[in-house]
Amino acid sequence: MTDVSRFEAFVREHEDRVFATAVRLLGNRADAEDIAQTVFLRAFERFESIGTEPSAGGWLRTVTTNLCLNHLTRFRRRWRLFSEMETDDGGTPYQETIPARDAPGEEYAELEAALHGLPDHQRVPLVLFHFEGRSYREIASLLRVSLGKVKTDMHRGRKALRDRLERDDVR
Amino acid sequence: MQPDRLEELIDRRLQALPDPQAPATLWPRVRVAVERRLAQPWYRRAWRDWPVAQRAASSGLVLAALAGGLFVGAVDPGLLARISGLVRIFGTSATAGAGVLVAVAEGLRHALVEPLALYVLAWAFLTGTVVAVFGAIFRQALTLGHAVTIGGASES
C-alpha cells in the first residue's frame with residue numbers, strides 16, 4: 001500500500017496548482033477545496049502508477065478540470081453556462097474576492113478578483129484558454145457549445161477584464 | 001482594440017498572476033480521507049488495491065475455472081451425455097409434454113452443443129484474455145497519456 005508520507009510530499013508539491021485550477025474554474029474557495037480533495041483521493045488510488053511519473057501534473061490538471069466542469073454542470077446554473085441563449089454581460093456573476101498569494105502589488109489581487117467576478121460562461125472558457133492551454137475548439141467541445149459562442153463569450157470576458165484593468169490604471 | 005491584440009494583452013496579464021495558495025486545511029482533509037480509505041477491509045476496495053496474496057488467489061481461481069471448463073470439454077466429452085442421461089430419466093417419469101421438451105433439448109445437444117462446446121469454451125477463454133489484456137493496456141495509456149492529449153495549440 002502507498003506510503004502516506006510519500007503521498008503527502010506529492011500533495012504538497014501539487015496542491016497549489018490543483019487548487020488554483022479549481023478555484024479559477026469554480027470561482028469559489030470552498031467548492032475548489034472539495035474538488036481538490038477528490039482529485040488527490042483519486043491520485044492516491046493510483047499513486048503507484050502516477051506518483052513518480054513526470055506526467056502526474058498533467059494528469060492532475062486534467063482530472064481537476066473534468067471534475068470542475070462536472071461540478072458546474074451538476075450543481076450550478078447549467079442553463080447559463082452551457083446554453084446557447086444570449087446572456088447579458090453584467091448578469092449576476094458569482095462574486096467572491098480571492099486574495100492572491102504574495103502579490104507584489106494590488107494589481108494581481110485586482111485582476112484575480114476581476115476574473116472571479118466574471119460570469120461562469122465567460123470565466124470558464126477564459127481559464128481553460130489562458131491557464132490550461134486549451135484551444136477554442138477543445139473548449140467548445142468540453143462545454144458542449146458552439147465555437148462561435150465560445151469566441152463571443154471569451155471576447156466579452158476579455159473586454160470586461162481590460163475595462164477593469166484600465167479603470168484601475170486611471171485610479 | 002483588435003481581438004488578437006486584446007487576447008495577447010489579457011494573456012500576458014493573466015499569465016503573470018501567481019497561483020492562489022491552497023488552504024492549509026487541504027492536506028489534513030486529504031489525509032483523513034486517505035486514512036478512511038486505508039481502514040476499509042481489502043474486499044471493499046478496488047481489485048487493484050487488494051493485497052498481493054488476495055489478488056494472486058483470485059486470479060488463480062478465475063484461471064482454474066477457465067482451465068477446468070476447457071479440461072472437461074476436451075478430456076471428458078461424455079459429461080454432457082451423462083447430464084443428458086439424467087434429463088432423460090427425468091423425462092421418462094414426467095409427463096408427455098416434458099418428454100417432448102427433453103427430446104428437443106437432446107436434439108439440440110446432438111446438433112449444436114456437443115460439436116461446439118470445446119470451441120465455445122476456447123473462444124470464451126481467448127476473448128476474455130484478450131479483453132483483459134487490452135483493458136489493462138488501455139487504462140494504463142489513459143492514465144499516463146492524459147497529459148499528452150491536453151493543451152493543443154490555440155486558435156486565433
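Remember, it's a predicted structure, so these values are computed and weren't measured experimentally. Lettering of chains follows the sequences in order, A, B, ..., and the numbering in each one begins at 1.
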Lys/Arg N to Asp/Glu carboxylate O, Arg24(A) vs Asp19(B), below 4.0 Å: yes
Salt bridge flag under 4.0 Å for residues Glu33(A) and Arg29(B): yes
Atom pair CD/CH2 of Glu8(A) and Trp27(B) - distance to nearest 0.5 Å: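 The CD atom of Glu8(A) sits 5.0 Å away from the CH2 atom of Trp27(B).
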Arg13(B) side, atom CZ; Leu111(A) side, atom CG - distance, nearest 0.5 Å: 7.0 Å
Single-linkage hydrophobic cluster Leu38(B)~Val32(B), side-chain heavy atoms < 4.5 angstrom: no
Transitive ILVMFWY side-chain link Leu147(A) to Val145(A), under 4.5 Å: yes
Just so I know, are the side chains of [X] and [Y] near enough to count as touching, which here means a heavy-atom distance under 4.5 Å?
{"X": "Met154(A)", "Y": "Glu7(B)", "answer": "no"}
{"X": "Val30(B)", "Y": "Phe44(A)", "answer": "no"}
{"X": "Leu14(B)", "Y": "Val127(A)", "answer": "no"}

Identify the two heavy atoms, one from [X] and one from [Y], that lie closest to each other, and give their separation to 0.1 Å.
{"X": "His130(A)", "Y": "Asp11(B)", "value": "ND1-OD1, 2.7 Å"}
{"X": "Phe19(A)", "Y": "Pro20(B)", "value": "CD2-O, 4.0 Å"}
{"X": "Ala22(B)", "Y": "Asp16(A)", "value": "N-OD1, 2.9 Å"}
{"X": "Arg158(A)", "Y": "Ile10(B)", "value": "O-CD1, 3.7 Å"}
{"X": "Arg31(B)", "Y": "Val4(A)", "value": "CG-CG1, 4.5 Å"}

Neighbour count >12 (heavy atoms, 6.0 Å) for atom CZ, Arg17(A): yes
Whether over 12 other heavy atoms sit under 6.0 Å from Trp42(B) CH2: yes
